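As structure tokens, the structure follows; a few thoughts come after it.
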Protein chains: 2
Amino acid sequence: MGDIDLRAFTPYLLAMAAETTSLGFQSTYKAQHGMLRTEWRVLFHLGQYGPLTAKTICDRARLHKTKVSRAVAALEAKRFLTRSEDPQDRRSDVLELTASGQKVFRALTEEAARFDAALMERFSAEERRILRQCLTRLAQL
Amino acid sequence: MGDIDLRAFTPYLLAMAAETTSLGFQSTYKAQHGMLRTEWRVLFHLGQYGPLTAKTICDRARLHKTKVSRAVAALEAKRFLTRSEDPQDRRSDVLELTASGQKVFRALTEEAARFDAALMERFSAEERRILRQCLTRLAQL
DNA sequence: TATTGTTATACTCTATAACTATA
DNA sequence: TATAGTTATAGAGTATAACAATA
């Protein structure tokens, strides 16, 4: 060996690309709305799919229940969501975005779409298709 | 908006792919050699490019001096590198891998090459080329 | 004055175990 | 017994400021 360059090592390249691209969007949800990454992911799922229990968010977002629990508490403190008792299972609460939470969701999804479009602008349609396909498969290992 | 899926958001996809692919290789340097990610990166640069000062590693690896400082101390404690005074600048030490450090470097680079080959096996030559090119550009933003 | 490197501090992120209340 | 959710704790990652020694 000895002829490998770290810049040719896929996990390294992925980590660098993820770090670089995340930083830009991070400022949108962090600086503008005081949210952490997990909070934004939980807010996104509630905005996109409607009222859900924490368990459902865990399954769909592939997040551990402790992360969701803390993100939900933080979003509740910011008045971005409310809880109501789940009639089918009293261990769970159904979580729902407030009007304020929905407003932030819309602002963030719009910002995300703009951000992604700006990122992808530098690639051809073919490159974008292959990039997305490769990343999706690597993420699902 | 509202029609964006988080799985179509490039920074999210990159983060997922990076996390998934990193976990596998992490066990190699962590479990087998007790190293953290930054230590492996510093060790790699010393193994690949020979004796360097901390400053040079900072520049080449794009790592902050505090991270390099702590990684160097950890690698020194493991007897993977030694310091010697830089004749040109007494603020710096020249860092050099020990025989033990070189052995670990060779083992890890071989393992990295195998790991990468196994990852890329599922893609065509064209897909690999485009993936690498896209990631390199995204990492350099 | 500026740079190299170290130490201190804080915050984010990840992972796990232990606990509660319900099922 | 098992599951939904909470709390506590520790380790890892990131970022910044302050400092000592040297340039």
Side-chain angles (χ1 to χ4, degrees), chain A residues 11-12 14-16 18-27 29-31 33-42 46 51-77 81-95, chain B residues 11-12 14-16 18-27 29-31 33-42 51-77 81 83-95:
Chain A
Y12 174 78
L14 283 167
M16 297 295 285
E19 190 186 333
T20 304
T21 60
S22 290
L23 280 181
F25 190 63
Q26 194 180 338
S27 63
Y29 57 78
K30 184 178 282 182
H33 303 282
M35 294 167 72
L36 302 183
R37 198 162 76 106
T38 310
E39 295 173 42
W40 148 235
R41 282 175 68 180
V42 167
L46 289 172
L52 302 170
T53 65
K55 168 64 173 161
T56 308
I57 297 174
C58 290
D59 296 340
R60 294 206 194 176
R62 293 206 295 172
L63 287 169
H64 194 268
K65 60 182 182 175
T66 57
K67 291 186 191 178
V68 172
S69 174
R70 289 192 173 98
V72 165
L75 291 171
E76 192 181 20
L81 64 77
T82 55
R83 303 171 192 249
S84 58
E85 201 176 78
D86 183 348
Q88 296 175 346
D89 187 336
R90 280 166 49 216
R91 291 172 304 182
S92 294
D93 284 330
V94 175
L95 309 167
Chain B
Y12 174 77
L14 284 166
M16 297 295 284
E19 190 186 332
T20 303
T21 59
S22 290
L23 280 181
F25 191 64
Q26 194 181 338
S27 64
Y29 57 78
K30 184 178 283 184
H33 304 282
M35 294 167 71
L36 302 182
R37 199 162 75 106
T38 311
E39 295 172 43
W40 149 235
R41 281 175 69 180
V42 168
L52 302 170
T53 65
K55 169 64 175 161
T56 309
I57 296 174
C58 291
D59 295 341
R60 294 205 192 177
R62 294 207 294 171
L63 287 169
H64 195 269
K65 60 182 181 174
T66 57
K67 291 185 190 178
V68 171
S69 174
R70 289 191 172 100
V72 165
L75 291 170
E76 192 182 20
L81 63 78
R83 303 171 191 251
S84 58
E85 202 176 78
D86 184 348
Q88 296 175 348
D89 187 337
R90 278 166 48 216
R91 292 172 302 181
S92 294
D93 285 329
V94 175
L95 308 167

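Since this is a predicted model, take the numbers as computed values, not measurements.
The CG-C1' distance, from B:Leu52 to C:dT4, rounds to 15 Å in whole Å. At whole-Å resolution of the value, CG in B:Leu23 and P in C:dT14 are 10 Å apart. Taking atom NZ of B:Lys67 as the reference point, atom C1' of D:dA12 lies 11 Å away to the nearest angstrom. One interatomic measurement links the two molecules: CG of B:Leu36 to P of C:dC13, which rounds to 19 Å at whole-angstrom precision. We find that CG of B:Asp86 is positioned 17 Å from P of C:dT3, with the value rounded to whole Å. Rounded to whole Å, the distance from CG on B:Asp89 to C1' on C:dT3 is 8 Å. Taking atom CG of B:Asp93 as the reference point, atom P of C:dT3 lies 20 Å away to the nearest angstrom. With rounding to whole Å, B:Arg41 atom CZ is found 14 Å from D:dA12 atom C1'.
Nearest-nucleotide positions on DNA chain D place A:Lys55 closer to the 5' end than the other of A:Lys55 and B:Lys30. Between A:Val72 and A:Glu19, it is A:Val72 whose nearest contact on DNA chain D lies nearer the 5' terminus.
Remark: A:Arg70 is not in phosphate contact with D:dT9, judged by side-chain N or O atoms under 4.0 Å from OP1 or OP2. Neither OP1 nor OP2 of C:dT16 sits under 4.0 Å from any side-chain N or O of A:Thr66. For A:Ser69 and D:dG5, the shortest distance from a side-chain N or O to OP1 or OP2 is not below 4.0 Å. Under 4.0 angstrom from either OP1 or OP2 of D:dT14 there lies at least one side-chain N or O belonging to B:Arg37.
How far CG of A:Leu14 is from OG1 of B:Thr21: 4.5 Å, rounded to the nearest 0.5 Å. Taken from CZ in B:Arg41 to OH in B:Tyr29, the straight-line distance is 9.5 Å, to the nearest 0.5 Å.
The two residues A:Arg37 and B:Ala15 come nearest to each other via the heavy atoms NH1-CB, 3.7 Å. For B:Arg83 against B:Leu95, the heavy-atom pair with the smallest separation is CG-CD2, 3.8 Å.
A donor-acceptor contact under 3.5 Å is formed by the side chain of B:Arg91 with the base of C:dT3.
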Decide side chain to side chain donor-acceptor pair (under 3.5 Å) for B:Thr66 and B:Ser69; before the verdict, give the C-alpha distance in whole Å, the side-chain angles of both, and the deciding distance to 0.1 Å. CA-CA 5 Å; B:Thr66 57; B:Ser69 174; over 6 Å; no

